[in-house]
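Scope of the values below: all heavy atoms of this structure, side chains included, with no hydrogens, waters or symmetry mates.
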Amino acid sequence: MQEALLEFFKKTGRPHRLEEILHRFGLEKREAKAHLKALVERGLLEKKGSRYFLANRVQGPLSLHRDGYGFVRLPDGDLFIPPGYTGDAWPGDLVEARVMPPGRDGRPWGVVERVLKRARERLVGTLDFRKGRALLLPDEPNLPELPLAPEGLAGLKRGSRIVVQVHYGKRPYGTFLAYLGEGEAPETETEAVIAKYGLRAEFPEEVLKEAEAIPLEIPEAELRRREDFRGLRVFTIDGVDAKDFDDAIHVERLPRGYRVGVHIADVSHYVKEGSLLDQEAFLRGTSVYLPGRVLPMLPERLSNGVCSLRPGEDRLVLSVLVDLTEDLEVKRVRFREGVIRSVARLTYTEVEAFAEGFGLPEEHAFLAEDLRLLLDLTQRMREKRLEEGALDFSFPEVKVEVEEGVLHLIPQAEPKARSLIEELMLLANRLVAEYLVQKGLPGLFRVHEEPVQDAYEKLRQALARLGYTLPPKLSGHALQKALLASRGRPEEPVVAYLVLRSLRLARYAPENLGHFGLAMEHYLHFTSPIRRYPDLVVHRVLKAALRRTLTPARKARWQEAFPAIAEHASEMERKAEAAERELTKYYMAKWAELHVGERFLGKVTGVANFGAFVTLPNGVEGLVRLEALGPYTYSEEAMALLGPKGRRIRLGDEMEVRIAGANPRLRQVDLLPVEEAPKKTKNRKEKAKEVEMRKVVGPPEEKTRPGRPERLTVHTMYIGEWRPKDAPPEEAPKSRRRKRRR
């Protein structure tokens with residue numbers, strides 16, 4: 001609704017009173033004021049007296065180009081900031097910019113007036129010394145060299161990797177925080193990534209002491225208070241290398257349907273609100289799974305101990321029991337505090353093999369019927385969800401594992417087994433969200449708003465060029481139809497990429513705004529409280545409701561606190577994903593270093609005016625530069641590189657490449673196209689034989705056309721070094737002055 005209101009103000013171009021908004025959109029007064037207030041707080045509208053009008057200031061993160069210009073990223077289109085008008089902002093900073101009237105190109109531009117929030121408090125880089133002064137050369141591109149205070153630098157050599165605290169002002173400078181190591185060792189890069197994103201590696205001593213004080217045995221009184229599920233065939237399914245098991249499942253046949261149980265570790269029983277453990281879990285926000293290292297949200301005594309649903313051990317759970325009809329309609333839902341004793345720990349590999357017709361290991365054979373039933377139920381759940389408009393992307397996933405310094409790139413290929421667990425977790429998450437909404441309880445919802453109209457319109461135009469038609473009005477069904485129609489075709493990755501790029505990022509919010517990608521009106525995260533803080537918060541709300549202890553004061557306190565928790569959890573999730581992605585690229589470049597010169601058949605996963613990105617079968621992505629491809633030019637309209645004689649390189653095309661080199665420090669892999677073998681040069685005897693043959697079967701020997709001019713073939717020649725279009729122009733060398741011819 002906020003986007004619709006904003007679009008209305010843009011179209012009319014004039015101020016509006018609240019009464020006009022109420023009449024135009026048919027909103028209640030309280031609802032309209034809330035939306036307008038939110039737009040004012042976001043800096044998109046201003047209010048003077050009783051009138052609202054478009055603000056001439058906007059707020060958003062700043063992206064900077066190396067040539068000095070930048071863009072303020074906004075939901076409805078980026079605002080251009082010319083060189084010299086970015087103030088003292090750095091890339092990623094949240095800024096407020098004043099919108100200026102359109103220039104000669106007819107487009108508005110902006111001036112950064114102030115920095116609202118810095119993107120970095122710390123910087124990671126390389127130590128350098130010049131003219132007796134210490135400098136930090138940041139790892140991140142487009143950041144300035146930072147002068148350093150001398151304290152703490154004694155004994156450090158040039159080239160040391162360090163972490164510094166940034167002090168902003170007219171002349172920013174840094175103070176030494178930590179030494180990471182020398183060079184580009186994997187351990188150094190891991191520490192650099194952890195420091196760069198402000199992740200918490202070690203637990204404070206007092207937090208560990210609080211965790212160690214938790215008893216491993218469950219008191220008998222607590223067991224008697226809970227519903228006992230230990231007589232059911234409850235089991236877990238996780239990855240082969242998983243250590244924390246926070247979800248278990250079971251299934252029962254009913255006379256007219258089925259009962260599915262989703263049992264989630266009751267972390268809230270051990271992590272009390274406001275405790276040191278709780279404060280540390282909030283700061284971390286999520287567990288971070290880096291290649292070769294895990295930064296858990298909770299200490300090991302909980303994550304791999306009392307909260308992990310190990311087989312054969314009593315564990316406290318918060319359970320969702322769902323009765324389904326034969327047509328998979330939800331007939332009854334119950335939420336219970338319970339106790340389970342898992343009967344088995346299955347892996348995705350075992351379940352996938354079973355789904356493909358192979359048997360289970362002997363010790364798990366007794367679960368064959370349960371698995372067969374769950375595979376059927378979850379497959380039908382998935383089909384039903386897709387029919388309702390949920391978007392289904394099939395991007396290949398590759399897991400990076402590092403064991404004793406040895407790198408392994410492992411494609412994740414257990415679709416049926418993973419889908420089984422995914423569908424049951426989606427079901428539990430949706431039902432808990434519906435319960436909180438129906439009861440009017442506070443919650444932390446997982447929201448995914450629909451794309452803004454401009455982004456959808458760009459998607460429509462792009463897919464139309466590929467032969468896919470979308471309706472003028474946004475439709476999840478239409479997007480899903482396009483994704484399904486592209487399956488197995490060369491343009492499949494193109495369609496998936498374009499649809500994904502048009503969507504907004506999912507985030508946490510204290511209000512229920514629905515989940516567009518899943519086509520669900522109510523959705524939240526409930527099933528992973530060991531590794532996600534919002535899930536732990538939702539557990540506390542649900543338990544308070546079940547115990548009838550949610551007092552008005554507690555409810556008001558949560559409603560006041562949840563917006564900040566949602567924002568922090570969303571931010572930490574983005575940082576964790578960025579850190580995992582960056583370190584994965586580092587290790588992939590390390591792998592490429594070991595395979596320089598080897599050939600692979602890859603797929604084109606990106607095209608730009610400087611070359612084509614190609615992804616190898618193991619997930620490693622590299623760049624084939626434009627100069628290595630030949631006379632190709634980039635066409636944004638065709639989303640392809642266009643070459644001579646109608647050739648084109650576009651997303652999804654196969655390309656055989658050779659690894660030319662790699663730079664792990666810059667996370668770059670350079671590839672070269674493998675050219676076809678040149679034709680064998682014919683010797684004199686073969687040429688003479690060919691001439692004799694042409695006398696017999698070819699055209700007459702003396703057939704000439706004296707009236708026609710001689711035919712010439714013109715070849716395009718490229719002289720000098722190739723440079724990207726957006727590279728800064730080089731100063732032309734001064735030439736000697738020529739004498740004027742008279």
Quiz item: Can E621 and K585 be counted as an ion pair, charged N to O under 4.0 angstrom?
Solution: no

Quiz item: Where do F562 and V537 land on the side-chain contact (heavy atoms from CB on, under 4.5 Å) test, with the steps shown first?
Solution: CA-CA 9 Å; F562 281 5; V537 170; 3.4 Å; yes

Quiz item: So, E273 and R557, do they make that salt bridge, N to O below 4.0 Å?
Solution: yes

Quiz item: For Y85, does the OH atom sit with more than 12 other heavy atoms under 6.0 Å from it, leaving out its own atoms?
Solution: no

Quiz item: Would the number of heavy atoms belonging to other residues, nucleotides or ligands and lying under 6.0 Å from OH of Y289 be above 12?
Solution: yes

Exercise. To the nearest 0.5 angstrom, please state how far the CG atom of L302 sits from the NE2 atom of H269.
Key: 10.5 Å

Self-check item: Main-chain N/O of A211 paired with R301 side-chain donor or acceptor, under 3.5 Å
Solution: yes

Quiz item: Are the side chain of S268 and the backbone of R540 linked by a donor-acceptor contact shorter than 3.5 Å?
Solution: no

Quiz item: Quick one: does N609's side chain have a donor or acceptor within less than 3.5 Å of a partner on Y634's backbone?
Solution: no

Quiz prompt | Working for salt bridge (charged side-chain N to carboxylate O under 4.0 Å, His left out), residues E217 and R315 | solution = CA-CA 10 Å; E217 298 296 323; R315 288 291 183 263; over 6 Å; no

Quiz item: Less than 4.5 Å apart, any side-chain heavy atom of H448 and any of L505?
Solution: no

Quiz item: L64 and G68: which non-hydrogen atoms are nearest, and at how many Å?
Solution: CD2-O, 4.4 Å

Practice problem: Could you please spell out the steps behind the salt bridge (charged side-chain N to carboxylate O under 4.0 Å, His left out) verdict for R446 and E573? | Solution: CA-CA 12 Å; R446 183 66 170 178; E573 178 187 57; 3.0 Å; yes

Quiz item: Would you say K209 has more than 12 foreign heavy atoms packed within less than 6.0 Å of its NZ?
Solution: no

Quiz item: Going by the angle between their ring planes, with limits at 30° and 60°, are F71 and Y69 parallel, tilted or perpendicular?
Solution: perpendicular

Quiz item: If you draw a 6.0 Å radius around CD in E145, do more than 12 non-hydrogen atoms from other residues or ligands fall strictly inside?
Solution: yes

Quiz item: Honestly, is R161 close enough over Y179, meaning NZ or CZ under 6.0 Å from the six-membered ring centre and within 45° of the axis?
Solution: no

Practice problem: Can you measure from CG (L503) to CD (E449) and round to the nearest 0.5 angstrom? | Solution: 12.0 Å

Quiz item: Atom CG in L127, atom CG in L137: separation rounded to 0.5 Å?
Solution: 8.0 Å

Quiz item: Quick one: does E210's side chain have a donor or acceptor within less than 3.5 Å of a partner on L277's backbone?
Solution: yes

Quiz item: Any idea which heavy atoms bring G285 and M572 closest together, and the distance?
Solution: CA-CB, 4.3 Å

Self-check item: Side chains of E140 and W90, donor plus acceptor under 3.5 Å
Solution: no

Quiz item: Checking D246 side chain against I264 main chain: does a donor-acceptor pair fall under 3.5 Å?
Solution: no

Quiz prompt | Rounded distance [0.5 Å steps], CG in L123 versus CZ in R120 | solution = 6.5 Å

Quiz item: Do you see a donor-acceptor pair shorter than 3.5 Å between the side chains of T126 and D128?
Solution: no

Exercise. Step by step, work out the salt bridge (charged side-chain N to carboxylate O under 4.0 Å, His left out) result for K590 and E593.
Key: CA-CA 5 Å; K590 292 290 287 183; E593 265 190 331; 3.8 Å; yes

Practice problem: Evaluate the side-chain proximity of Y586 to E582: yes if any heavy-atom separation is below 4.5 Å, no if none is. | Solution: no

Quiz item: So which heavy atom on T615 is nearest to which on T605, and how close?
Solution: OG1-OG1, 2.8 Å

Quiz item: With no hydrogens and no angle check, do the side chains of S160 and E182 hold a donor and an acceptor under 3.5 Å apart?
Solution: yes

Quiz item: Counting only heavy atoms not in R599, do more than 12 fall under 6.0 Å of its CZ?
Solution: no

Quiz item: Are the side chain of R73 and the backbone N or O of L79 linked by a donor-acceptor pair below 3.5 Å?
Solution: no

Practice problem: May I ask you to say whether K196 pairs ionically with E189, meaning some side-chain N is under 4.0 Å from a carboxylate O? | Solution: no

Quiz item: Any side-chain heavy-atom pair from I81 and W109 closer than 4.5 angstrom?
Solution: no

Exercise. Please check if atom CZ in R667 has more than 12 non-hydrogen atoms from other residues, nucleotides or ligands closer than 6.0 Å.
Key: yes

Practice problem: Check whether any side-chain N or O of R158 sits under 3.5 Å from a backbone N or O of F129 as a donor-acceptor pair, and report yes or no. | Solution: yes

Quiz item: So which heavy atom on A589 is nearest to which on A662, and how close?
Solution: O-CB, 3.4 Å

Quiz item: Looking at side-chain heavy atoms only, is the closest gap between L616 and W591 below 4.5 Å?
Solution: yes

Exercise. Kindly check if the number of other-residue, nucleotide or ligand heavy atoms within 6.0 Å of CD (Q165) is above 12?
Key: yes

Self-check item: Sidechain-backbone polar pair: S528 side chain, R531 backbone, donor-acceptor under 3.5 Å
Solution: no

Quiz item: Is the closest basic N to carboxylate O distance between R658 and E598 below 4.0 Å?
Solution: no

Quiz item: Would D88 and K170 count as a salt bridge (charged side-chain N to carboxylate O under 4.0 Å, His left out) if you check the C-alpha gap in whole Å, the side-chain angles of each, and the deciding distance to 0.1 Å?
Solution: CA-CA 8 Å; D88 62 350; K170 290 185 178 180; over 6 Å; no

Quiz item: Where do P61 and L94 come nearest, in terms of heavy atoms and distance?
Solution: N-CD1, 3.9 Å

Quiz item: Can R284 be said to sit on top of F203's aromatic six-ring, NZ or CZ under 6.0 Å from centre and within 45° of the ring axis?
Solution: yes

Quiz item: Does atom CD of E567 have more than 12 heavy-atom neighbours, drawn from other residues, nucleotides or ligands, at distances under 6.0 Å?
Solution: no

Quiz item: Do the side chain of H568 and the main chain of F282 share a donor and acceptor less than 3.5 angstrom apart?
Solution: yes

Quiz prompt | Side-chain touch V164/I162, heavy atoms, less than 4.5 angstrom | solution = yes

Exercise. Report yes if some heavy atom in the side chain of F176 is under 4.5 Å from a heavy atom in the side chain of V163; otherwise report no.
Key: no

Quiz item: Is there a donor-acceptor pair under 3.5 Å between the side chain of D93 and the backbone N or O of V95?
Solution: no

Exercise. Report yes if some heavy atom in the side chain of L295 is under 4.5 Å from a heavy atom in the side chain of I194; otherwise report no.
Key: yes

Exercise. Please round to the nearest 0.5 Å and tell me the distance separating atom CG of L116 and atom CG of L62.
Key: 11.5 Å

Quiz prompt | Close side-chain approach of S303 and M297, heavy atoms under 4.5 Å | solution = no

Self-check item: Minimum heavy-atom distance V624-P673, with the two atoms named
Solution: CG1-CD, 3.5 Å

Exercise. Check whether the ring centres of Y508 and H525 lie less than 6.0 Å apart, and answer yes or no.
Key: yes

